[in-house]
Amino acid sequence: MSLPPNVHVSRHPCLLAKLSRLRSKDTEAREVKSLVHDIAFIVGCEAFASALSVVDGPKDKTPIGYEYTTTSTHPQEISLVPILRSGLAMIDAVQTLLPAPVPVHHLGLYREPTTLQPVEYYNNLPNHTVTGQPGAHPSSLAVVLDPVIATGGTCVAAIQTLKEWGVKRIVVLSVIAASEGVKHAAAEWPEAVEIWVAGVDSALTPNGMLKPGLGDIGDRIFLTIGK
């Protein structure tokens, strides 16, 4: 399967085993949430090893009196942008990885069932866009949390919104993607966007679900199947 150079598919054995378990129809909601957390943690580790760099900080001392040079990461202006609602399940894992607390800005996007096009219903980016708004402070790096990339439309809409807001780079963390959908997302601002994903499926169903996929991950997490 040929993918763009800004799409990175993990080969971590533990991650692949967890993804296999997540696909199962017999995996109950509590475990689904736990698996999404674990997968987000591993994918995040791989992504941040590439997206962040190490910088030296001020001197400090250990509890037994030895001096050392502190270490921090660059860039420090990072924000997390979970796509409601399933992206919420990835926040804790990514926050655990980062050495300091970072802002979380939510984007609400849903896919219109007939056209499969994204519709934005919620946006709490500060002042929404930076243009003409002196109080807005876009991040150097925005980390989009979107567990499933199907057609890619939702991910593209998020990238467009963040680009308009004024971010410099975007890292997308995802659990699973369709090959055509992730290509679509990767083609939107490719010089500034890197997509990291646990697995890629080759096909979509007529109603835009991944095949074999893992079902509607939001419904599985929040026990709203059959609504």
Side-chain angles (χ1 to χ4, degrees), residues 6-8 10 12 14-15 18 33-109 122-130 133-147 149 155 158-175 185 189 191-198 221:
N6 61 331
V7 175
H8 312 276
S10 180
H12 195 296
C14 294
L15 184 149
K18 288 177 180 289
K33 185 176 182 180
S34 176
L35 288 166
V36 170
H37 175 280
D38 293 351
I39 291 169
F41 189 90
I42 298 171
V43 173
C45 277
E46 296 180 343
F48 291 149
S50 173
L52 302 181
S53 58
V54 175
V55 293
D56 289 340
K59 298 291 185 180
D60 199 353
K61 287 187 177 181
T62 70
I64 57 174
Y66 291 101
E67 188 177 83
Y68 73 99
T69 302
T70 61
T71 299
S72 61
T73 58
H74 177 81
Q76 293 186 334
E77 293 179 347
I78 301 172
S79 61
L80 305 185
V81 186
I83 306 301
L84 300 177
R85 61 192 163 151
S86 57
L88 297 173
M90 302 175 73
I91 294 174
D92 287 349
V94 180
Q95 285 180 324
T96 299
L97 277 171
L98 294 170
V102 299
V104 179
H105 303 306
H106 302 83
L107 282 180
L109 293 157
Y122 184 77
N123 178 332
N124 82 335
L125 295 174
N127 293 311
H128 286 212
T129 62
V130 71
Q133 301 286 347
H137 299 286
S139 299
S140 295
L141 176 65
V143 183
V144 174
L145 309 179
D146 189 10
I149 300 174
C155 192
I159 291 168
Q160 291 171 344
T161 297
L162 291 168
K163 184 179 181 180
E164 291 169 3
W165 184 47
V167 303
K168 297 177 181 177
R169 290 190 298 139
I170 297 173
V171 166
V172 179
L173 303 183
S174 188
V175 172
W189 204 20
E191 65 273 20
V193 174
E194 299 285 333
I195 300 175
W196 297 78
V197 61
I221 291 169

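- Nearest heavy-atom pair, Leu88 versus Pro82, reported as atom, atom and distance to 0.1 Å: N-CB, 4.1 Å.
- Qualifying side chain to side chain donor-acceptor pair (under 3.5 Å) partners for Ser86, counting only residues two or more places apart in sequence or in other chains: none.
- For Tyr66, the OH atom is loosely surrounded, since the number of other residues' heavy atoms within 6.0 Å does not exceed 12.
- Sorted by first and then second residue, the salt bridge (Lys or Arg N to Asp or Glu O under 4.0 Å) pairs involving residues 35-44 (not counting sequence neighbours) are Lys18-Asp38.
- Summarising the geometry of Ala47 relative to Val171, their closest heavy-atom pair is CB-CG1, 4.1 Å, with the distance given to 0.1 Å.
- Summarising the geometry of Ser50 relative to Trp196, their closest heavy-atom pair is CB-CZ2, 3.6 Å, with the distance given to 0.1 Å.
- Not counting sequence neighbours, the partners of Thr69 by the side chain to side chain donor-acceptor pair (under 3.5 Å) test are Lys59.
- To the nearest 0.5 Å, atoms CG (Asp146) and CE (Met90) are separated by 8.0 Å.
- Summarising the geometry, atom OG belonging to Ser140 is positioned 9.5 Å from atom CD belonging to Gln76; distances are rounded to the nearest 0.5 Å.
- Considering only residues two or more places apart in sequence or on other chains, His8 meets the side chain to side chain donor-acceptor pair (under 3.5 Å) condition with Glu194.
- Within the 4.5 Å cutoff, no side-chain heavy atoms of Cys45 are placed close to those of His12.
- At a threshold of 4.5 Å between non-hydrogen side-chain atoms, the residues Val55 and Ser72 count as touching.
- For Thr96, the side-chain contact (heavy atoms from CB on, under 4.5 Å) criterion is met by Phe41, not counting sequence neighbours.
- Although no hydrogens or angles enter the test, the distance criterion places no donor-acceptor pair under 3.5 Å between the side chain of Thr73 and the main chain of Ser53.
- Among residues two or more places apart in sequence or in another chain, the side chain to side chain donor-acceptor pair (under 3.5 Å) test is passed with Glu191 by Trp189.
- A 4.5 Å side-chain heavy-atom check between Val43 and Ser174 finds every atom pair outside the cut-off.
- The heavy-atom pair separating Ser139 from Glu77 by the smallest distance is CB-O, 3.5 Å.
- Under the 4.5 Å side-chain criterion, counting only non-hydrogen atoms from C-beta, Val144 is not in contact with Val193.
- Closest approach of Ala192 and Lys168 over heavy atoms only: CB-O, 3.6 Å.
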Query raised in the report: Between Leu35 and Val175, does a side-chain contact (heavy atoms from CB on, under 4.5 Å) hold up when you go through it step by step?
Result: CA-CA 10 Å; Leu35 288 166; Val175 172; over 6 Å; no
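- Side-chain contact check for Val94 versus Leu173: some heavy-atom pair is nearer than 4.5 Å.
- Between the CG atom of Leu80 and the CG atom of Asp92 there is a distance of 10.5 Å, given to the nearest 0.5 Å.
- Taking CG of Asn124 as the reference point, atom CG of Leu107 lies at 7.5 Å (rounded to 0.5 Å).
- Side-chain contact between Val172 and Ile149 is present, with heavy atoms from C-beta onward closer than 4.5 Å.
- With rounding to the nearest 0.5 angstrom, the OG1 atom of Thr70 is 7.5 Å from the CG atom of Asp56.
- Atom CD1 in Ile221 sits 8.0 Å away from atom NZ in Lys33 (nearest 0.5 Å).
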